[in-house]
Amino acid sequence: MLELQGLTRRFGAVTAVNDVNLSIPDGQMVGVIGRSGAGKSTLLRMINRLTEPSEGRIQYGGRDVTGLRGGELRRWRTDCAMIFQQFNLVQRLDVLTNVLVGRLNHRPGLMGTVTSLFKMFTAAERAMAIQALDRFDLAEVALQRADTLSGGQQQRVAICRALLQQPRLILADEPIASLDPRNAKTVMDALRQVNREDGLTVLTNLHHLNTARQYCDRIVAMQAGRVMFDGTPAELTSARVQEIYGVTEDEFEEQAQEAVNPAARPPLRTKPGLAVA
Ligand SMILES: Nc1ncnc2c1ncn2[C@@H]1O[C@H](COP(=O)(O)OP(=O)(O)OP(=O)(O)O)[C@@H](O)[C@H]1O
């Protein structure tokens, strides 16, 4: 169980996250939605302590992780793997080595030698990486440079890298915001697969409400740093969205899409969310 108690983060006069209280059971897939600036990224980043809370506590499995330092903090960060909107792969390295980078969290001493990494990994680690790639139909691109892959493939490679950390939680910060609907679907399918098959807790920031409804067990809606809704997809009706945000669902998605990806403005009115096969 991940427990956030009174979690607050201020940046000067701005309260990015304001007194958030959430209990997330192991194995739940949670979608966090909200407008640009609602505090979604700050919330996720506080969980793995990339951003320090101003107030409040983070507990995991009954253990307080808010004050961890040094090796213990590194181990906590290994437990909660992060997925970013821009994939954060080393573009000039091959896919397999990018995935193996996930093992570095288990060997902090190897950090900084990324170009000569490949031969440092054991056969078992390489097999683990190939197996992860194979799960997401990426084995045949294992030896290609990361920058030859589509965005959806790159994000799935990032998920494989996260899996090699052997985490307990996956924190995904707008993982599909840079992707077209087809690639976005492959990435959401992969996240759901690791949630369902590996039992990993997944917390993901999303801006498509229908995507959150289709993939998540639970949706948390934020507004100005506060949790305004915490419930099941069925409970987050269009009327509830309008009540929370004061705009229609289409308007909400349009604003969110423009904020995360101003260059790409797909016709959201005709294509809300993703089609599930
Ligand atoms: N490092 C920082 N320094 C100052 N202010 C920050 C910092 N990080 C976030 N903020 C502010 O905190 C608030 C919440 O930001 P955050 O990025 O968490 O929101 P978000 O919901 O993830 O938005 P987006 O969808 O645009 O990423 C915003 O007002 C933002 O400007």
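Atoms within each ligand, like the ligands themselves, are counted from 1 in listed order. These numbers come from the heavy atoms of this one structure, side chains and all, not from hydrogens, waters or symmetry mates.
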My understanding is that only residues two or more places apart in sequence, or in another chain, count here; which of them pass ring pair (Phe, Tyr, Trp, His ring centres under 6.0 Å) with Phe136? none
Would you mind telling me which of Glu253, Glu235, Glu249 makes a salt bridge (Lys or Arg N to Asp or Glu O under 4.0 Å) with Arg213? Glu249
In ligand 1, which numbered atoms sit nearer than 4.0 Å to a non-hydrogen atom of Arg35? 21 (O)
Regarding Lys185 and Asp189, does a basic nitrogen lie under 4.0 Å from an acidic carboxylate oxygen? yes
Kindly confirm or rule out an N or O of Gly37 lying under 3.5 angstrom from an N or O of ligand 1. yes
For ligand 1, note which part of Thr42 has a heavy atom under 4.0 Å away: side chain, backbone, both or neither. both
Is there a heavy atom in Gly39 that sits closer than 4.0 Å to ligand 1? yes
Taking the side chain as every heavy atom from C-beta outward, state whether Leu4 and Ile58 have any atom pair closer than 4.5 Å. yes
What pairs meet the ring pair (Phe, Tyr, Trp, His ring centres under 6.0 Å) rule with one or both residues in residues 44-75, with sequence neighbours excluded? Tyr60-Trp76
Ligand 1 N/O within reach of Ala38 N/O, cut-off under 3.5 Å: yes
Under 3.5 Å, N or O to N or O, is Phe11 touching ligand 1 that way? no
Compute the shortest N/O to N/O distance between Asn205 and ligand 1 and return yes if it is under 3.5 Å, no if not. no
Test your reading of the model: is there a side-chain donor-acceptor pair from Asp26 to the backbone of Met1, 3.5 Å cut-off? yes
